[in-house]
Amino acid sequence: MLYLPTRIFIEDSALTKAQTYIKALGSKALIVCGKSSARKSGVMDELLPLLEELQIESMIYDGICENPDLESIATGKGIFLAEGCDFLIAIGGGSPLDAAKAISLAAANDLSKDELYDASLREKAYPIVAIPTTHGTGSEVTQYSVLTDPVARKKAGFGSDLIFPALAIVDARYMRSLSPRISLNTSIDALSHLLEGIYSIKRNPLLMPMIIRGIRLIIDNLELCLKEPEHLPARRALAEASLYGGITIAHTSTTLQHAIGYPFTTHFGVPHGLANGMFMEELMRFYAPGIKDELEQLFSGLKMSQEEFFAWLDRFPIKIKVDLGPEMLREWIPIILATRNTKISPRIPSSEELGKILRTVVK
Ligand code: NAP
Ligand code: FE
């Protein structure tokens, strides 16, 4: 089964092309974004005049930080309701997009921050326009929101069909302002999503051509984009790959690859994409015996061998090392093994096997 209720515009000036659909969503938008990227990317310069032309009122909430926390959702909900908004426009990387999804649910169902993860309390949501400015998460086409609880030092996602964005506005021009570092990290996130579409036991053969094309686009364009950040065709290719990654995980979910990365983000501040990338080779080698046919199909589609893929991956500084002590290891292993993501992996590691994988990144 495939299901994707999001209307996708992927082209330069997508915002203008989508205007009649934006107009149909409501009369006052809460614009949800981070501190600077909504402006730096050029989105605001195009969005604000368009909203004025469409006679849509707006209010800006620019309080979303990386790995959005529960408190920022509560604040966003308060502003949305106090201002009488009726839809949301999320601008940025996965953080503002995921935050807008949670604000939508919180406002529509009057949820406190402690109730956000309770699926039984979600009955409706306000519509969301998602404008990605990174090419990593694919959040513009997923039903997921990943939030951080700073008190519990825990990062966890939830999914609800209610929060698929109504509109995805994918315009690679907005991604030219990304630094090489964020470009790399977010592209590695997209690569993880595409690979996890193959790993997941919820894999779907209909997604395979898209997965192979997405990975090929990343292999062919990532280095070029890091050298020439303004290279628009390279940015377009990476934006397309990221969209495919999102469509993929909307159907397959993410696996142990993501579950293993979350504690590295909450405890060591490793950016999300890198936290996936640091285990990419190790996990593919670990899974390989259980997904021989799938990997064969992938590498014949890519016209490269698995070892050539690893050699390409080695060109990027993603195998970072951290101070992971034995106590942390002991604490993390059962938590990672208990996640839903781990359970849909093609091979579930024992505690010893997971410990061995985790130790590959110890300084
Ligand atoms: P992000 O956390 O949204 O942003 C990272 C940094 O990039 C921020 O400093 C941001 O600035 C900056 N930035 C964004 N766009 C920019 C641009 N065009 N030019 C210059 N700087 C820009 O990054 P992300 O990697 O896209 O998102 C990661 C989050 O998404 C994680 O929480 C992850 O768990 C989640 N995620 C969600 C899904 C899903 O399906 N929902 C999937 C994978 C990951 P500002 O702070 O100013 O915005
Ligand atoms: Fe991700």
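One-based numbering, in listed order, for ligands and for the atoms of each.
Electrostatic pairing of Asp45 and Arg39 does not count as a salt bridge here, judged by no charged N lying under 4.0 Å from a carboxylate O.
Considering Met284, Met280, Glu282 in turn, Met280 is the only one that fulfils the side-chain contact (heavy atoms from CB on, under 4.5 Å) rule with Gln257.
In this structure, Phe164 and Tyr3 have perpendicular ring planes: the angle between them is above 60°, well past the 30° mark. A tilted orientation is assigned to the rings of His267 and Trp332, their planes being inclined by 30° to 60°.
Distances from atom 20 (C) of ligand 1 to the heavy atoms of Ser177, Gly93, Ser95 show the closest one on Ser177. By heavy-atom distance, the residue among Leu147, Ile163, Thr142, Ile249 lying nearest atom 39 (C) of ligand 1 is Thr142. When the heavy atoms of Thr137, Ile91, Thr134 are ranked by distance to atom 42 (C) of ligand 1, first place goes to Thr137. Counting only non-hydrogen atoms, the option in His135, Lys101, Lys155 that gets closest to atom 31 (C) of ligand 1 is Lys155.
Between Asp114 and Ser112, the side chains place no donor N or O within less than 3.5 Å of an acceptor N or O (distance only, hydrogens not considered).
Using a 4.0 Å cut-off between heavy atoms, Thr148 makes no contact with ligand 1 at all. Proximity of Asp98 to ligand 1, defined as any heavy-atom pair under 4.0 Å, is confined to the side chain (atoms from C-beta onward).
Heavy-atom distances between Pro96 and ligand 1 reach below 4.0 Å in at least one pair. Residue Arg176 places every heavy atom at 4.0 Å or more from ligand 1.
When only interatomic distances are considered, the shortest N/O to N/O separation between Ser41 and ligand 1 does not fall below 3.5 Å. Looking at ligand 1, you won't find any N or O of His258 less than 3.5 Å from one of its N or O atoms.
Around the Fe ion (ligand 2), protein N, O or S atoms at less than 2.8 Å comprise Asp189 OD1, His193 NE2, His258 NE2, His272 NE2.
For the pair Arg347 and Phe286, the distance from NZ or CZ to the six-membered ring centre is under 6.0 Å and the angle to the ring normal is within 45 degrees.
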